[in-house]
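Reviewing the structure listed below.
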Amino acid sequence: MQHIDIKEIFENEALINNNVTVCGWVRTARDSKNVAFIELNDGTSLKHLQIVIDKSKGLEYEEMLKVGCAIKVEGQLVPSAQNIVEVNADTLTLLGPAPQDYPLQKKRHTLEFLRTMPHLRLRTNTFNAVFRVRSVMAAAIHEFFQKKNFVYVNTPLITGSDCEGAGEMFQVTTNGYTTEYTNEEDYYTNDFFGTKAGLSVSGQLEGETAAMAMGKIYTFGPSFRAENSNTPRHLAEFWHVEPEVAFAELPDIIELAEEMIKFVIGQVLEKCPNEMDFFDKFFEKGLKDRLNKLISEDFGTITYTEAIELLKKADVDFQYKVEWGCDLQTEHERYISETIFGKAVFVTNYPKEIKSFYMKQNDDGKTVAAVDLLVPGVGEIIGGSEREANYDKLVEAMNIRGMNLDLYGDYLDLRKYGSVPHGGFGLGFERLIMYCTGVSNIRDVVLYPRTVGNVR
RNA sequence: UCCUCAAUAGCUCAGUCGGUAGAGCAUUCGGCUGUUAACCGAAGGGUCACAGGUUCGAGUCCUGUUUGAGGAGCCA
């Protein structure tokens, strides 16, 4: 169907005073005696295109004033004082009518109401802006890593091993509920893979194997967590960015994370000015200032041990007592990133007891080379570490946790043959989108959010 | 999973001390000299989330359930 994107209508000055054809959905219409106005949106632009209907031309137009219908318009593009340009319609075609029970109105709806119709909420300004920003961010992530010679790998979504400590796995099975087996082993050996399988909670372990061959890799794809967590920051299915770098130590990983966050946010500010104005106006006042500040200054850095000292000295009555060895609670993380630093901050070198088996044990014998990136508002958006490269130390850490070493033969081989210092991090893509847009519920930055009890 | 709050017209909400269900927007109809969430007039629209209970009488009080939101835990 030959037509011009509304985005181009607004940007290409050469089109002015020419005849154009545009298609789109009617967002709102205003009718008076001699003239009617339609605001048309085709998804390419946040700004609507005004269509002017001169009633003396005798066009059929009444059905096309209904909010939500799809129309095609041919007419002359003319300058407009208030709207930059507008189209004086010569012909109007109704592509798809919208009956009066169309649920979206031309007024503002609550995000809660829009969540009840994930298919139609996409036709609102908010979701138009969210998914354009999401798309630009995804492209920026690829661009960042590709320019740095990282190889994009796709780790398996179905896995036999659990990335320990990263949450509950969804089980993958072809055994129906009517099948009966006498014991668990019998059940799994008769299943599709002949063993217990699940959806991956992280591609890290497989990513490490790739990094130990290709040097620098990244994954960018879905991860699945069956945790019963009901918060505005958790999804059962989310997109995970997981770079893994050989010949790298913890400071290299921190530098990479900071550089990546700054690049992606810089791209959004540059390529989505209208969307960012929209978010700044309707979702978080001062959003653009906050992001511009973020990309122009260094992130904070503090060790876990230093953070504990500062929290102990803080004149705040925390609900959870601060003691070296405890994991940082949300209230502590907020105090560090929002009150102490007032910006993004890396917290490093956590006690080994509260972190995963694969993290490199530091020489102090008490901590591991882990890092979390805390940002004001959203909390933790990155978790990473230098990995334990020493075979014996890794085996020891796994034994302490009572893990079955037989399931990790491939992983242990990496330390047996040509082991090198390496590390990486995991970024929750949706959390970065929240941080970038000011949208405060993760369900509103995903097309069809999957959460506990919701798989529509 | 735990804690708190909420659920009234299609949407957003009001509803006083327990006494006949309200507004704005939307919809439909009519009007209006180019409007910007247009404006003006009229009409239609209700199982007050669901199930019990207290009461002469419950949208309002009590109990349970469901759904949603926020916080916590877990995490990205």
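Labels below follow one simple rule: chain letters A, B, ... track the order of the sequence lines, proteins then strands, and each chain is numbered from 1.
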Does anything in residues 446-456 of chain A reach RNA chain B, meaning a heavy atom under 4.0 Å, and if so which residues?
-> none
Scan side-chain atoms only and decide if Ser80(A) and Gln50(A) contain a donor-acceptor pair under the 3.5 Å cut-off.
-> no
For Glu255(A), look at atom CD and say whether over 12 heavy atoms of other residues, nucleotides or ligands are found less than 6.0 Å away.
-> no
Sequence neighbours excluded, every pair satisfying side-chain hydrogen bond (donor to acceptor under 3.5 Å, both in side chains) that has a member inside residues 62-73 of chain A | Glu63(A)-Lys66(A)
Going by number, which of residues 83-92 of chain A have a non-hydrogen atom under 4.0 Å from RNA chain B?
-> Asn83(A), Glu86(A)
Protein-nucleotides 46-50 of chain B N/O pairs under 3.5 Å:
none

What protein N or O atoms touch nucleotides 8-10 of chain B N or O atoms at under 3.5 angstrom, if any, and at what distances?
from, atom 1, to, atom 2, distance (Å)
G10(B), N2, Gln105(A), OE1, 3.0
G10(B), N2, Gln105(A), NE2, 3.0
G10(B), N3, Gln105(A), NE2, 3.1

Just compare G68(B), A72(B), U28(B) and give me whichever is closest to any side-chain atom of Arg233(A).
-> A72(B)
Could you check if a side-chain atom of Ser223(A) sits within less than 4.5 angstrom of a side-chain atom of Val201(A), using non-hydrogen atoms only?
-> no
Could a donor-acceptor pair under 3.5 angstrom be found where the side chain of His234(A) meets the base of C75(B)?
-> yes
Would Phe425(A) and Glu244(A) count as a side-chain contact (heavy atoms from CB on, under 4.5 Å) if you check the C-alpha gap in whole Å, the side-chain angles of each, and the deciding distance to 0.1 Å?
-> CA-CA 7 Å; Phe425(A) 64 82; Glu244(A) 192 70 34; over 6 Å; no
Which nucleotide in G70(B), G73(B), A38(B) has an atom nearest any side-chain atom of Arg30(A) | A38(B)
The side chain of Gln50(A) lies closest to which of these nucleotides: G34(B), G70(B), A38(B)?
-> G34(B)
Dot-bracket encoding per residue of RNA chain B, Watson-Crick/G-U cut-off under 3.5 Å, | denoting interstrand = (((((((..((((.....[..)))).(((((.......))))).....(((((..]....))))))))))))....
Going through the distances and angles, do Asp54(A) and Leu59(A) end up as a side-chain contact (heavy atoms from CB on, under 4.5 Å)?
-> CA-CA 8 Å; Asp54(A) 181 346; Leu59(A) 300 172; over 6 Å; no
Search all heavy atoms of Ala369(A) against all heavy atoms of Asn349(A) and return the closest pair with its distance.
-> CA-OD1, 3.6 Å
